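For reference, the structure is listed below as structure tokens.
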Amino acid sequence: KAGVTQTPRYLIKTRGQQVTLSCSPISGHRSVSWYQQTPGQGLQFLFEYFSETQRNKGNFPGRFSGRQFSNSRSEMNVSTLELGDSALYLCASSFGDRGGYEQYFGPGTRLTVT
Amino acid sequence: AQSVAQPEDQVNVAEGNPLTVKCTYSVSGNPYLFWYVQYPNRGLQFLLKYITGDNLVKGSYGFEAEFNKSQTSFHLKKPSALVSDSALYFCAVRDHDKLIFGTGTRLQVFP
């Protein structure tokens, strides 16, 4: 079974631009979560989608948004990029969105904002 | 609020020796605990989880973890370390629909 895929793997953008990242979950998984990883803040939860509905959102500004499609694929968008948005963005999928279901992570998208 | 703590930024161990990476947790209710490993420029790989049942959980690549309710700990262990185990290890706890991660412990296994 194919794992979680994320595209693109690397992105370089300038301040003020916007960016869209894509995530394809493991087949059959309906929950997709997004995390931001930085050396200073570690792994921080961005948001989670289950069956096309955003179920939870982390403490990030409204510039960060996302959506999930009927095939469970998900996108996240960051508008008006800031230097501090440079990070590894990780997508994870899970069969369920509660309890003991583990999340499986993609390789991440490395975003650099200059 | 659920949280986990990894008290060691780095653990050094010689190849062939047993290794332990520590994790303590703070939860309300029953804990759902996980260990993940991250290799350079890669995403996180799931190693094992504790939901309920046996306190000793076995996972991938020979890793195991011991759940200790009285000490609120969930330490990751391996009887004999390999150089290839060198990586960044994260403990996590489930908080509803998201995972709360520890700060990570860098494991360095020396030949």
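Only heavy atoms go into these numbers, but all of them, side chains included; no hydrogens, no water, no symmetry mates. Just so it is clear: chains get the letters A, B, ... in the order the sequence lines come, proteins before strands, and each one is counted from 1. Small disclaimer: the values here were computed from a predicted structure and weren't measured.
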Structural part of [X] lying under 4.5 Å from a heavy atom of chain A:
{"X": "Q45(B)", "value": "neither"}
{"X": "R94(B)", "value": "side chain"}
{"X": "Y36(B)", "value": "side chain"}
{"X": "K49(B)", "value": "side chain"}

Count the heavy atoms of every other residue, nucleotide or ligand shown that sit under 6.0 Å from CG of N59(A), and state whether that count exceeds 12.
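For N59(A), atom CG is not crowded (no more than 12 foreign heavy atoms under 6.0 Å).
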
Using a cut-off of 6.0 Å, state whether more than 12 heavy atoms not belonging to R42(B) lie near its atom CZ.
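Check fails, neighbour count at 12 or below.
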
When clusters are formed by joining ILVMFWY residues with side-chain heavy atoms under 4.5 Å apart, either directly or through shared neighbours, do [X] and [Y] land in the same one?
{"X": "L43(A)", "Y": "L46(A)", "value": "no"}
{"X": "F63(B)", "Y": "V37(B)", "value": "yes"}
{"X": "L33(B)", "Y": "Y89(B)", "value": "yes"}
{"X": "L47(B)", "Y": "F34(B)", "value": "no"}
{"X": "L81(A)", "Y": "F60(A)", "value": "yes"}

Considering only heavy atoms, which portion of [X] lies under 4.5 Å from any heavy atom of chain B: side chain, backbone, both, or neither?
{"X": "S31(A)", "result": "neither"}
{"X": "Q103(A)", "result": "both"}
{"X": "Q37(A)", "result": "side chain"}
{"X": "Y101(A)", "result": "both"}

Hey, what do you get for [atom1] ([X]) to [atom2] ([Y]), rounding to the nearest 0.5 Å?
{"X": "F46(B)", "Y": "E102(A)", "atom1": "CZ", "atom2": "CD", "value": "4.0 Å"}
{"X": "K98(B)", "Y": "Y35(A)", "atom1": "NZ", "atom2": "OH", "value": "8.5 Å"}
{"X": "L90(A)", "Y": "Q38(B)", "atom1": "CG", "atom2": "CD", "value": "6.5 Å"}

So, using ring pair (Phe, Tyr, Trp, His ring centres under 6.0 Å) as the criterion, who are the partners of F90(B) when residues are at least two apart?
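Ring pair (Phe, Tyr, Trp, His ring centres under 6.0 Å) list for F90(B), sorted by chain: empty.
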
